[in-house]
Amino acid sequence: MESTDKLSCNILADLLSAHGVKHAVLSPGSRNAPLIVALSRRAEFSCHVVVDERSAAFIALGMALQSGFPVALVCTSGTALLNYAPAVAEAFYRGVPLIVVSADRPEEWIDQDDSQTLWQPGALANFVKRTCDIPARLDHPDAAWSADRLINDAMIEALSGRRGPVHINIRLDAPLSRMAECRPGSSRVIRMVSPEVEMPVREARELGARLASPRRIMVIAGFHEPDERLNRALAKMAALPNVVVLTETIANLHSPLFVGRIDTTLSALTPAEKQALAPEVVITVGGALVSRHVKEYIRSLTGVEHWAVGRSHTTVDCFRHLSLRIGMQPALFMRQLASAMQPFRAESDYASSWRALRDRAAESHDRYVAASPWSDLVAMSRIFRSIPRGCNLHLSNGTPVRYAQLMDCSAIHRSDCNRGVSGIDGCTSTALGASVLYRGATLLITGDMSCQYDLAAFSSELMSARFKVIVMCNGGGGIFRFIGSTSSLPELDRFFAGPVRLPLRDIASGYGLAYFEAAAEAELGPVLHAFFAETERPALLAVTTPPETSARVLRAYFSRR
């Protein structure tokens, strides 16, 4: 076949394919033209064009999250690469394998006032597992051998251990448009086998004995992709009388035995109940927690042990009680631990007490919402009851993901949020990228401020009728009216939670989305039905709520009983 004459680009295409890349998100440019040619002429890649590099990177993140496979990102030289940084940082802290490929000029032209030049190797160093820099000229056999090895090494690094993003910087010299015959698949492929290894039986039994009843054990699950093996193992743990399992919305773990609404439950407990239910050992799985309440609760305890399960690039001591790191896949470890604890089963009312208080808290939640005026809480409660089965849910940071912790999400197919670094930028693009690879509907619930950050996503040709967006229009930055650091400041309305100029009706019209709106509880039900029934176009629903009332209702929620 005919392709670019740049050997490095053809080696890259061979090795991306060999290591499982099926999708590439490309942003147009001149210096990266050979890279685009090398990838787009291969049938094994689905190439998606996104002009805005910041949006492109989050779209690739969403694709990688949804598929579980690495996704390639390709940009031109200069500041284009820097626009990838927010999404790459998110991917790093979530363990998502993004393959960042940047075109670059030959090294001798950097800092020489040539167009679109800056020092690109190392530009993302704090947020990638590895960077490799491929020279412009591979005319010496050792140079081609080195390029092959470096790209293989980067791909192995992205997919090994705790997975994550890598950066491959490819220098390209002029002319950029020259073609030559290419033989796909001729590059050397280096593979790595990393078998799952169980803990030695004796060691597992020792850990099981350490957790034996009557010791009070609490398992807390943060963000995680759906994992049926982990779900089964934790359900087996939760069946033990001395073990309670707390799961966040975006942990994607569901069982009647779990406490799935952490903030709803904790906020309804008295200080005496919290003390009586204090765990002796806390075991965490998954990523960073959304719940401020559970973090503050565990930090306030004395004499508690914390075991952190999972592969991590560093020691994470969020609760300030860490005593044991278990560097295994959570599903594998929890399955072993559940089996190891079975012989030590004994009487305990710890788990049943937590579940009884969970049910009491859910009832008080329902009473409180029913008695509340129109607000974010009331609107979100109605929205969550209306989400169709099989719909994937994405949540923006700030208000939506926090409200989601209060809702019953047990029937939702999958829930995601960019909680690696919890930025509000890129939430729409991430959800859009995921929607491309999911055959069912994908729903994004976002805030008006988060939506404004990522308007570029609406211009993407990747939008389909399967993509739906609900924008909570609560005056901009509704979370700032609630959190203690800003809610009482006189500068609140001017600098934090000021009105957002976001003409959603015009945006929907301009980009071809079906538009819906609701500004009262009586309106929301029928509008939600029509919104979810829309199958011809992507759909946008603007839900307008009073900001001051919403903040007051949420603040009072956490002191209800």
Side-chain angles (χ1 to χ4, degrees), residues 1-22 24 26 29-42 44-45 47 70-78 80-81 84 88 97-110 116-125 128-160 164-192:
M1 62 171 283
E2 188 177 66
S3 184
T4 175
D5 73 337
K6 304 300 183 186
L7 179 57
S8 58
C9 299
N10 292 317
I11 292 173
L12 176 77
D14 280 347
L15 297 182
L16 289 178
S17 177
H19 288 281
V21 173
K22 302 178 188 301
L26 316 174
S30 173
R31 187 60 47 170
N32 64 335
L35 288 163
I36 293 174
V37 168
L39 296 180
S40 64
R41 296 192 182 186
R42 299 285 188 98
E44 62 265 40
F45 298 118
C47 293
V71 173
L73 269 168
V74 179
C75 69
T76 195
S77 60
L81 173 65
Y84 284 167
V88 173
L98 288 187
I99 313 303
V100 178
V101 181
S102 57
D104 200 355
R105 279 165 166 70
E107 186 172 354
E108 59 267 24
W109 284 106
I110 310 301
Q116 288 188 337
T117 57
L118 53 82
W119 286 104
Q120 292 179 193
L124 304 175
V128 293
K129 294 183 70 180
R130 179 152 301 176
T131 298
C132 66
D133 188 27
I134 308 300
R137 287 175 273 287
L138 301 184
D139 43 8
H140 190 280
D142 285 353
W145 162 79
S146 176
D148 180 292
R149 176 179 56 79
L150 289 171
I151 295 172
N152 268 298
D153 196 34
M155 295 303 301
I156 289 171
E157 185 68 28
L159 297 169
S160 299
V166 294
H167 176 201
I168 302 171
N169 191 65
I170 296 189
R171 299 183 182 276
L172 299 165
D173 57 0
L176 301 171
S177 59
R178 197 161 52 199
M179 300 294 141
E181 281 300 309
C182 166
R183 187 161 59 90
S186 58
S187 302
R188 179 184 53 147
V189 179
I190 304 171
R191 302 192 184 278
M192 180 173 175

Is the closest side-chain donor-acceptor distance between Ser3 and Arg41 under 3.5 Å?
no

Identify the two heavy atoms, one from [X] and one from [Y], that lie closest to each other, and give their separation to 0.1 Å.
X	Y	result
Lys129	Glu157	NZ-O, 2.7 Å
Phe45	Val21	CE2-O, 3.4 Å
Pro106	Arg171	C-NH1, 3.9 Å
Leu118	Asp104	O-OD1, 4.4 Å
Gln120	His167	O-CE1, 3.6 Å
Met155	Leu15	CG-O, 4.5 Å

How long is the straight-line distance from [atom2] of [Y] back to [atom1] of [X], given to the nearest 0.5 Å?
X	Y	atom1	atom2	answer
Ile168	Ile151	CD1	CD1	5.5 Å
Ile156	Arg149	CD1	CZ	11.0 Å
Arg31	Gln116	CZ	CD	8.5 Å
Leu124	Arg130	CG	CZ	15.5 Å
Ile36	Leu176	CD1	CG	11.0 Å
Asn169	Asp133	CG	CG	5.0 Å

Looking at side-chain heavy atoms only, is the closest gap between [X] and [Y] below 4.5 Å?
X	Y	value
Met192	Leu159	no
Trp119	Glu107	yes
Asn152	Ser187	no

Counting only N and O atoms by type, is there a donor-acceptor contact under 3.5 Å from the side chain of Asp14 to the main-chain atoms of Gly185?
yes

Could you check [options] and say which one makes a side chain to side chain contact (heavy atoms under 4.5 Å, CB included) with [X]?
X	options	result
Asn10	Pro184, Pro34, Cys182	Cys182
Leu98	Val128, Val166, Leu73	Leu73
Lys6	Leu35, Leu138, Leu172	Leu172

Checking Arg191 now: which residues fulfil side-chain contact (heavy atoms from CB on, under 4.5 Å) with it, not counting sequence neighbours?
Ala18, Val189

Sorted by chain and number, sequence neighbours left out, side-chain contact (heavy atoms from CB on, under 4.5 Å) with Glu181 holds for Glu2

Tell me the salt bridge (Lys or Arg N to Asp or Glu O under 4.0 Å) pairs involving residues 138-148, sequence neighbours left out?
Asp148-Arg188

